[in-house]
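One structure is given here, and the rest of the page talks about it.
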Amino acid sequence: MKKRIFSGAQPTGQLHIGNYLGALKNWVALQTEYESFYCIVDLHALTLPYDPKVLRQKTLDLARIYLATGLGPPESTVFVQSDVAEHAELTWVLSCLSRMGELERMTQFKDKAKGNQERAGVGLFTYPVLMAADILLYQTDLVPVGKDQKQHLELTRDLAIRFNRDFGETFKVPEPYIPPIGANIASLQDPSKKMSKSDENPAGSIFLLDDADTITKKIKRAVTDSGTEVSFDETRPAIKNLLTIYQLLSGKSPDEAVEHFAGKGYGQFKGELAETVIEFLRPFQARVKEYDDKSLNDILRAGAETARSIAAETLRDVYQRVGIR
Ligand code: ATP
Ligand code: MG
């Protein structure tokens, strides 16, 4: 039997190159080796202010992006979180097992609450519990994510271990898969921050659907460090970040990428980087347009059915163990 993968992205903002390099690229690479579930986590998108009039459309747009990167049937199951009610139900049970203290330690909550935790939504606070439910429902072996999700994965494991200890062996304890390179792509405007969909400044992110002009402008305006050499140097994080993007999208090894730019300045480097990104995204952007709403909805409906059959079995077991059934 194949081992199982679960992962997901929120239909907030637009997917960027960090999401691709840190997550989706690996989802595609792993989907044949594993039985894979890739979810559009729309319930997570309610945790920060959003526009209800466009949420459903954003969910469908994200599904299109998943499919255009190569995810989906027959290799993997793509579905929408809110189509499988078990996600919300298991969240409640796990909430009763979670400690205030451990959720208060989550750095994403602190970041997204922007220093005003008293005013932050309770959903933002319990976001990691919903994420734990997403993963544990599917008896997941491996969770491919970017580095920012490492702490949430640790909480997921802790909750699984705690539940198994208190109520008997129920959940598989999942392992994270964080790629050695590309797990933490930084903002083009501030290399100390990760590239983020919810960043108010779009200049910091290269979106997967940006046109060639926009990409060129964003890369031209990307901050650089002092110095002139294009290399992987911890003391020059802006150049290191741009070179990482170049290296991963061009398919070169780190050494080949450095060698390629030996003796060339930042200007030439940025020009070639922009070309590389544009060329990489071109076929992908063409594929995004291929899915009409009908075929998309069919794929999502079938995906939800497959997901639900597994999720329901886990939840039945959980309800029995906690004494509800
Ligand atoms: P938001 O700001 O709304 O949280 P996000 O950019 O963090 O958006 P998510 O939908 O939360 O995107 O995350 C989807 C996946 O992309 C996760 O696996 C996450 O770890 C990964 N990811 C997000 N940002 C980066 C990044 N800058 N570099 C590498 N991986 C990333
Ligand atoms: Mg995020």
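Excluded from the calculations below are hydrogen atoms, water molecules and symmetry mates; all remaining heavy atoms, backbone and side chain alike, are included. Numbering of ligands and ligand atoms starts at 1, following listing order.
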Review point. Under a strict 4.0 Å criterion on non-hydrogen atoms, which protein residues are in contact with ligand 1?
Key: Gly8, Ala9, Gln10, Thr12, His16, Gly18, Asn19, Gly22, Ala23, Lys112, Val145, Gly146, Asp148, Gln149, Gly182, Ala183, Asn184, Ile185, Lys194, Met195, Ser196, Lys197, Ser198
Review point. Just checking, any donor-acceptor pair under 3.5 angstrom between side chains of Ser98 and Arg162?
Key: no
Check your understanding: Would you call the rings of Tyr138 and Phe6 parallel, tilted or perpendicular, where under 30° means parallel and over 60° means perpendicular?
Key -> parallel
Revision key, fill the gap. Excluding Phe207, membership of its hydrophobic cluster (Ile, Leu, Val, Met, Phe, Trp, Tyr; side-chain heavy atoms within less than 4.5 Å) reads none
Review point. Does Thr224 have any side-chain hydrogen bond (donor to acceptor under 3.5 Å, both in side chains) partners at least two apart in sequence or in another chain, and if so, which?
Key: none
Review point. Members other than Val122 in its cluster, when Ile, Leu, Val, Met, Phe, Trp, Tyr link by side-chain heavy atoms under 4.5 Å?
Key: none
Review point. Would the number of heavy atoms belonging to other residues, nucleotides or ligands and lying under 6.0 Å from NZ of Lys294 be above 12?
Key: no
